[in-house]
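Inspection log for the structure reproduced underneath, given as structure tokens.
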Amino acid sequence: MIYIKNLEDDSYLKTYKESLRARGSDESVLEKVLMLNQARKEKTHSIEMKKNEQKKLSAVIGQKKKSGEDAEAEMNSVQSMKSEIKALEEDFETTRSELDDLLMQLPNKIHESVPEGRSDKDNRVERAHGEVPQFSFKPQPHYEIAEKLGIVDFERASKVSGARFSFLMGAGARLERAVANFMLDLHTEQNGYKEVLPPYIVNTESMYGTGQFPKFQEDVFHLEGLPYYLIPTAEAPMTNYFRGETLNESDLPQRFAAYSSCFRSEAGSYGKDTKGLIRQHQFEKVELMTFVHPDQSYEEHDRLTNNAEEVLKRLELHYRVSTLCSGDISFGAAKCYDLEVWLPGEDGYREISSCSNFEDFQARRVNTRFKPKGGGKPRYVHTLNGSGLAIGRTVIAIIENYQQEDGSIKVPDVLQKYLGASIIR
RNA sequence: GGAGAGGUGGCAGAGCGGUUGAAUGCACCGGUCUUGAAAACCGGCGGGCCUUCGCGGGUCUCGUGAGUUCGAAUCUCACCCUCUCCGCCA
């Protein structure tokens with residue numbers, strides 16, 4: 001049961017409707033939800049009244065039996081109440097499950113600072129770092145460079161696994177590992193995150209908790225015949241980490257840097273980015289995930305985004321930051337910044353991180369709350385996450401931005417100690 | 001994979017089929033006492049949903065789900081999880 005309380009608040013409802021419109025989503029779902037919620041309340045009430053009657057009568061029976069009296073009449077009337085209640089409950093259950101299904105289809109309310117728009121063309125560029133690098137030769141795409149250097153093998157990967165898989169070989173594999181270590185060290189030693197290696201498989205319930213389901217059921221790998229899924233991102237296990245728990249306010253914020261492989265079926269993206277490492281079924285990522293006090297989530301959103309940006313800054317890669325517009329922002333996010341890195345081989349920008357504030361959208365689904373310091377009812381935490389960064393795409397950016405005319409790759413300064421080399425040739 | 005034990009409130013730990021949301025202890029919060037603190041004493045102390053302007057009332061919740069019963073934390077079944085021993089394995 002999610003979201004009901006908010007939707008009963010008139011002013012919230014008003015802004016929520018505006019938000020739905022800005023997203024371009026179906027408003028009729030909301031109308032149905034409001035109707036069903038009303039029905040749900042009425043049905044709950046009548047069931048509870050009946051149950052109360054029944055309980056009282058049962059107590060009478062208990063008394064009578066104890067004192068050896070006959071309770072035949074009472075027992076008969078309880079019997080008939082029971083069937084009445086059963087019918088009411090079945091009816092209620094229909095309403096409730098219908099309502100639940102619809103509630104899962106309602107997207108998060110977007111934040112007021114999110115620009116209106118329909119597609120990624122309407123996203124608002126907030127800032128850029130560095131400048132588009134100039135080359136004295138024509139820069140090659142990463143897969144050309146990498147294949148020539150023998151640090152990636154797509155052909156054998158397609159034989160062994162299929163399309164959208166790769167073998168990283170030698171310095172390629174090591175570069176991937178170096179980048180992962182560099183990011184994790186930065187986030188744990190300087191940015192205050194706790195390092196996590198989460199499970200790569202989660203159960204059905206966890207997939208609903210992050211808001212991946214039911215909408216994106218197609219995009220994940222399902223283990224046949226089992227209620228298990230390969231994680232499309234570490235966001236899945238991490239958002240569920242405190243599922244069903246009530247934390248203390250003093251426990252907040254909780255900041256995690258989770259390193260994991262990610263698995264995506266990429267159904268529906270056939271023909272897109274078929275070359276190279278851009279869109280693989282399996283890739284590595286360091287995911288930043290935080291649980292914070294609701295009053296601090298927007299401050300935290302900037303912090304987290306800055307932490308992700310710092311990786312690119314230290315690697316001296318040109319990138320820009322945009323706020324996703326209302327039509328482009330994901331289902332569960334209230335606000336989202338995309339970090340796009342410059343790829344000379346493509347002569348364009350590529351998303352390398354997506355930093356979202358979910359406010360309490362996910363927290364409601366996973367039921368993660370905290371007890372306020374001064375006492376009072378538990379409140380939902382706010383959750384945020386962002387790639388810090390996608391490792392495979394970072395490797396691509398390094399290959400393309402640090403390529404030399406002779407086909408070698410210069411190693412960025414900060415990675416040299418991890419790689420034990422200053423050039424890959 | 002085989003054999004056994006167990007899952008009760010923040011923790012520890014009782015619980016006979018009958019008014020038990022659940023004894024007791026600890027922790028926590030408020031108060032008395034104290035210069036202050038401790039100790040002692042008194043009181044309070046889970047969450048969801050429905051209802052109420054509020055006080056309050058109702059209902060659900062003792063791993064999860066179904067069932068037996070007028071009535072289930074207590075009985076039955078299935079599932080999940082934890083622990084111990086054996087086997088296997090990185």
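Throughout, a chain's letter reflects where its sequence line sits, starting with A, and its residues are numbered from 1.
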Measure from [atom1] on [X] to [atom2] on [N] and round the result to the nearest Å.
X: A:R40; N: B:rC60; atom1: CZ; atom2: P; result: 16 Å
X: A:I85; N: B:rC70; atom1: CD1; atom2: P; result: 14 Å
X: A:K371; N: B:rG9; atom1: NZ; atom2: P; result: 14 Å
X: A:E89; N: B:rA66; atom1: CD; atom2: P; result: 10 Å
X: A:E84; N: B:rC70; atom1: CD; atom2: P; result: 17 Å
X: A:Q38; N: B:rC49; atom1: CD; atom2: P; result: 16 Å
X: A:F370; N: B:rG46; atom1: CZ; atom2: C1'; result: 17 Å
X: A:K55; N: B:rU59; atom1: NZ; atom2: C1'; result: 7 Å

Is there a Watson-Crick or G-U wobble partner for [N] with both distances under 3.5 Å, and which nucleotide is it?
N: B:rU82; answer: B:rA5
N: B:rC28; answer: B:rG44
N: B:rC89; answer: none
N: B:rG71; answer: none
N: B:rA23; answer: none
N: B:rC55; answer: none
N: B:rG36; answer: none
N: B:rC62; answer: none

Problem - Sidechain-backbone polar pair: A:D328 side chain, A:L324 backbone, donor-acceptor under 3.5 Å - result: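 No, the answer is negative, given that no donor and acceptor are paired below the 3.5 Å cut-off.
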Practice task
Determine: side-chain N/O of A:N52 to OP1/OP2 of B:rU59, distance under 4.0 Å, yes or no.
Solution key: yes
Problem - OP1 or OP2 of B:rC50 under 4.0 Å from side-chain N/O of A:K43 - result: no
If the [atom1] atom of [N] is compared with that of [M], how far apart are they to the nearest Å?
N: B:rA27; M: B:rC80; atom1: P; result: 40 Å
N: B:rG6; M: B:rG63; atom1: P; result: 14 Å
N: B:rG44; M: B:rU61; atom1: P; result: 26 Å
N: B:rC28; M: B:rG10; atom1: C1'; result: 9 Å
N: B:rC88; M: B:rG1; atom1: C1'; result: 8 Å
N: B:rG46; M: B:rG9; atom1: C1'; result: 6 Å
N: B:rC85; M: B:rA78; atom1: P; result: 27 Å
N: B:rA12; M: B:rG2; atom1: P; result: 30 Å

Exercise for the section: Apply the test side chain to side chain donor-acceptor pair (under 3.5 Å) to residues A:Q190 and A:N307: give CA-CA distance (whole Å), side-chain angles for both, the deciding distance (0.1 Å), then the verdict. Expected result: CA-CA 9 Å; A:Q190 311 208 14; A:N307 294 152; over 6 Å; no
Exercise for the section: Could you check A:K275, A:Q403, A:E400 and say which one makes a side-chain contact (heavy atoms from CB on, under 4.5 Å) with A:P141? Expected result: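 Only one option passes, and that is A:E400.
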Problem - Parallel, tilted or perpendicular, as decided by the 30° and 60° cut-offs, for the rings of A:H281 and A:F165 - result: tilted
Please pick, from [options], the nucleotide with the shortest atom-to-atom distance to any side-chain atom of [X].
X: A:E48; options: B:rU51, B:rC70, B:rC49; value: B:rC49
X: A:P378; options: B:rU51, B:rG48, B:rC70; value: B:rG48
X: A:K51; options: B:rC70, B:rC49, B:rC60; value: B:rC60

Exercise for the section: Find which nucleotide of RNA chain B each of A:E42 and A:M49 is nearest to by heavy atoms, and output the residue with the more 5' nucleotide. Expected result: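 By nearest-heavy-atom nucleotide position, the 5'-most residue is A:E42.
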Exercise for the section: Assign each of A:A59 and A:R369 to its nearest nucleotide of RNA chain B by heavy atoms, then name whichever residue's nucleotide is nearer the 5' end. Expected result: A:A59
Fill in the blank from the handout: Nearest heavy-atom contact between A:G386 and A:S353 is C-OG, 4.4 Å
Practice task
Scan A:Q54 against the nucleic acid and name what it touches under 4.0 Å (heavy atoms): base, sugar-phosphate only, or nothing.
Solution key: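 Sugar-phosphate contact only.
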Practice task
With heavy atoms under 4.0 Å as the rule, sort A:K56 into base, sugar-phosphate or nothing.
Solution key: nothing
Exercise for the section: Kindly determine whether A:N203 and A:Y229 satisfy side-chain contact (heavy atoms from CB on, under 4.5 Å), including the steps that lead there. Expected result: CA-CA 6 Å; A:N203 56 32; A:Y229 300 84; over 6 Å; no
Exercise for the section: Could you check A:R393 against A:L389 for side-chain contact (heavy atoms from CB on, under 4.5 Å), going step by step and ending with a plain yes or no? Expected result: CA-CA 8 Å; A:R393 287 192 177 181; A:L389 312 161; over 6 Å; no
